[in-house]
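Just so it is clear, the values below take in all heavy atoms, side chains as well, and ignore hydrogens, waters and symmetry mates. Letters A, B, ... mirror the listed sequences (proteins, then strands); counts begin at 1.
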Amino acid sequence: MEENSKKRFYITTPIYYVNDVPHIGHAYTTIIADSISRFKKLAGYEVFFLTGTDEHGQKVEKSAAERGLKPIELADIVVGRFKSLWKALNINNDYFIRTTQPIHEKGVQIIFQKLKDKGDIYKGVYKGYYCVSCENYLSEDIPLEEGGVKICPDCKEKAGVVSEECYFFKLSSYQKILLDFYEKNPAFVRPPSRMNEVVSFVRHGLKDLSITRTTVEWGIPVADDPGHSIYVWFDALNNYVTGIGYGWNQELFKKFWPADVHLIGKDILRFHAVFWPAFLMAAEIPLPRTVVGHGWWLKDETKMSKSRGNVLDPHSILNTFGADSLRYFLLREIPIGLDGNFSHEGFIHRVNSDLANDLGNLVQRILTMIGNYFGGRIEEIDKENERDKRLRLEFNSVKEIVFRHYENYAINKALEEIWIYINSVNKYLAENEPWKLAKDKSQKMRLGRILYQAAAALRAIAYFVFPVMPESAEKIWNYLGEENPINREFFSDVQFENFVLGQHIKVPEPIFPRVKLKDFIKEKTQNVHHGKEEKMETITFDEFKRLDLRVAEILKAERVEGTDKLLKLEVDIGTERRQMVAGIAQEYSPEELVGKKLTVITNLKPAVIRGIESQGMILAGELEGKAVIPFFTEDIPAGSKVR
RNA sequence: GGCGGUGUAGCUCAGUCGGUUAGAGCAUACGGCUCAUAUCCGUAGUGUCGGGGGUUCAAAUCCCUCCACCGCCA
């Protein structure tokens, strides 16, 4: 009974399309969800946090084909990228759903069938403007040109009317029920301004929705009519139920459904606030409690887009600042719902000022003083005076306000409140000047009280920032000598006095080093310069190990006839001799290469170049298009492993 | 074109069931401290509260109108 009555909380992000490179927008949504989920856990909820990937559709099919891959192979690669980004960002999701998983596909088919049996899904004919070169129907809102054609926004080609047999969902019959639902649940969509948009959209009338295609191979087939595959939204939205067990783990599903929060970007509001509830009503599944739409991040005041080439890659920031600074910035800068502007100047400014100067420096000064004046251990302290008491009492109100803000997903305000307290502690130190008391031995107990008070406040601060900055919070926690994990304590149990005397305080390293804009920009532009194609994703050591890199000795080298760049090399890789073709003839003559030792990759799939099979590849630096080979200067036998 | 929103200090914004000299952070200037990451603390400002008109003893706040920008829809 006790176990069953535990408060539960289910939060989702959208599933991200695998025909996309992970960028700051994905990171933003997922970071919000992660912070809310961490907070809810502290608040005593049993939490399920779901994210994942949307992997079907023509675009995936097409990009995979362009790269000589099967769709699932492309999906696997991109899924790896998402997962490694989530890891780098400290995202603690409970499950990662992929729409290509059998559990999902089956669930979607079950729901589809159910609606079909009910008559909410029926077969009809879809008529639309179809762009032949993009193999895609144009969206309805594209204006009609002269001559009864529309212009495809992607390729600018003319698109004529095409019709196709497909299944429709009877969205039109849900207008009234939806409007009733919105009226009874005005907080279903947040922020409220978005709710207005939804209502006015539904008021204007709903058309039935085409939910299958016969032209898309890469999708979930309709079970009893496999020529049709289930189209994007009907497939994707259902991840929210299949991801927690619908159709495969009824117990889990019952435990967490309905979802408390579907966190989404404002661009997909209609699908979540109109179509999704309608699908669920039809399937007789309870509706989610809220759909929270957040804003977009602009880059230097302009919208980020692939075509503009100004899409912000989180890795460049992560490398310099770590996850917590990015998490903090994205959540502190704007309330969920409004758009924000990301500029490197703004980012550095806030991170230096709030994290390095305010919090980081506070941690540093308190811990250093405890180290210097007490050898890291405060044992005995004076009674509280009025000023000390004020700092302790302020904790109580801060705790309450911070809790309330987190509860309302006003994370920016929660942080703002925490920072007011940080300032109070700084002020407390300035007023009490412990460094002066330290010179007078008779003041030791008083000095102890002051530093105890500051450290106790700091412990609370670390706890409060944990949902947003888990790594740094834990660092401070450990510095303070806490032995239990920070998230083992419930929010309601956090007390000022939970910082106990006698704990062994460690010598700190600055947790948020200041970064100069100059240095950041320099590094950023260097990265751009070197990796023009795009920043590479992080790989694991296991992935790295799959490369068989060896020392090779060049035995023979000759020019490839009819080319001026290629050399044919014969190399010794210890166990065997290999033939390799390398584009280095303009930089190196065959004569100077013979006898040299260098690094080659030996398990690269052989390729035929100019009719010659190349059984591996030599590694070389690239400087303005010219190869620069790193030769071994030490004597090392051919075949030695390089790592 | 329809509906909704926004316009307040150099910047980002808070404040509107009408009511004392309109606020915060950042930036700027000056002062203090030296435990601390050149960090921290204090002081000082500056605003025709988008324009105009109206209601009222009293308007950033309510009403009308105009302008600018944004969102959703067509």
Mind checking who [N] pairs with, Watson-Crick or G-U wobble, both distances under 3.5 Å?
N: B/A38; result: none
N: B/G71; result: B/C3
N: B/G19; result: B/C57
N: B/A27; result: none

*salt bridge (Lys or Arg N to Asp or Glu O under 4.0 Å) partners for A/Lys427, two or more places apart*: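 A/Lys427 satisfies salt bridge (Lys or Arg N to Asp or Glu O under 4.0 Å) with no other residue.
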*What residues, two or more places apart in sequence or in another chain, satisfy salt bridge (Lys or Arg N to Asp or Glu O under 4.0 Å) together with A/Arg203?*
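A/Arg203: no salt bridge (Lys or Arg N to Asp or Glu O under 4.0 Å) contacts found.
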*Close approaches to RNA chain B from residues 176-194 of chain A, in residue order (heavy atom, under 4.0 Å)*: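 Listed by number, they are A/Arg194.
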Between [N] atom [atom2] and [X] atom [atom1], what is the distance in whole Å?
X: A/Asn341; N: B/C69; atom1: CG; atom2: P; value: 19 Å
X: A/Asp339; N: B/G71; atom1: CG; atom2: P; value: 8 Å
X: A/His349; N: B/A27; atom1: NE2; atom2: C1'; value: 7 Å
X: A/Ile418; N: B/G25; atom1: CD1; atom2: C1'; value: 16 Å
X: A/His204; N: B/C3; atom1: NE2; atom2: P; value: 9 Å
X: A/Lys207; N: B/C73; atom1: NZ; atom2: C1'; value: 12 Å
X: A/Phe201; N: B/G4; atom1: CZ; atom2: P; value: 18 Å
X: A/Lys413; N: B/C13; atom1: NZ; atom2: P; value: 14 Å

*side-chain hydrogen bond (donor to acceptor under 3.5 Å, both in side chains) with A/Gln364: which residues, sequence neighbours excluded?*
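side-chain hydrogen bond (donor to acceptor under 3.5 Å, both in side chains) check on A/Gln364 returns nothing, list empty.
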_Holding to side-chain hydrogen bond (donor to acceptor under 3.5 Å, both in side chains), I want the full list of residues that pass it with A/Asn426, two or more places apart in sequence or in another chain._
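Testing A/Asn426 for side-chain hydrogen bond (donor to acceptor under 3.5 Å, both in side chains), a comparison that skips the adjacent residues, returns A/Arg365.
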[M] and [N], which share atom name [atom1], separated by this distance in whole Å:
N: B/C49; M: B/G10; atom1: P; answer: 12 Å
N: B/G47; M: B/C3; atom1: P; answer: 38 Å
N: B/C30; M: B/A36; atom1: P; answer: 26 Å
N: B/G19; M: B/U56; atom1: C1'; answer: 12 Å
N: B/G71; M: B/U28; atom1: P; answer: 33 Å
N: B/U21; M: B/G25; atom1: P; answer: 22 Å
N: B/U8; M: B/G50; atom1: P; answer: 6 Å
N: B/C40; M: B/C26; atom1: P; answer: 9 Å

*Of all residues at least two apart in sequence or in a different chain, which pass the ring pair (Phe, Tyr, Trp, His ring centres under 6.0 Å) check with A/Tyr406?*
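Expected list: A/Phe39.
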*Under the ring pair (Phe, Tyr, Trp, His ring centres under 6.0 Å) test, which residues partner A/Tyr17, sequence neighbours left out?*
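Testing A/Tyr17 for ring pair (Phe, Tyr, Trp, His ring centres under 6.0 Å), a comparison that skips the adjacent residues, returns none.
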_Summary of protein contacts for nucleotides 30-43 of chain B, nucleotide by nucleotide, where a base hit scores B, a sugar-phosphate-only hit scores S (4.0 Å, heavy atoms)_ = ---SSBBB-SSSS-
*Qualifying residues under side chain to side chain contact (heavy atoms under 4.5 Å, CB included), relative to A/Ala457, sequence neighbours excluded*: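 Listed in chain order: A/Leu391, A/Tyr421, A/Val425, A/Phe496.
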_Minimal non-hydrogen separation, A/Tyr463 against A/Ile486, with atom names_ =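 What the structure gives for the nearest pair is CE1-O, 3.6 Å.
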*Using the benzene-type ring in the case of Trp, are the ring centres of A/Phe275 and A/Trp233 under 6.0 Å apart?*
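Aromatic pair excluded; centres sit 6.0 Å or further apart.
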*Student check: side-chain heavy atoms of A/Pro258 and A/Leu287 closer than 4.5 Å*: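 A/Pro258 does not reach A/Leu287 side chain to side chain.
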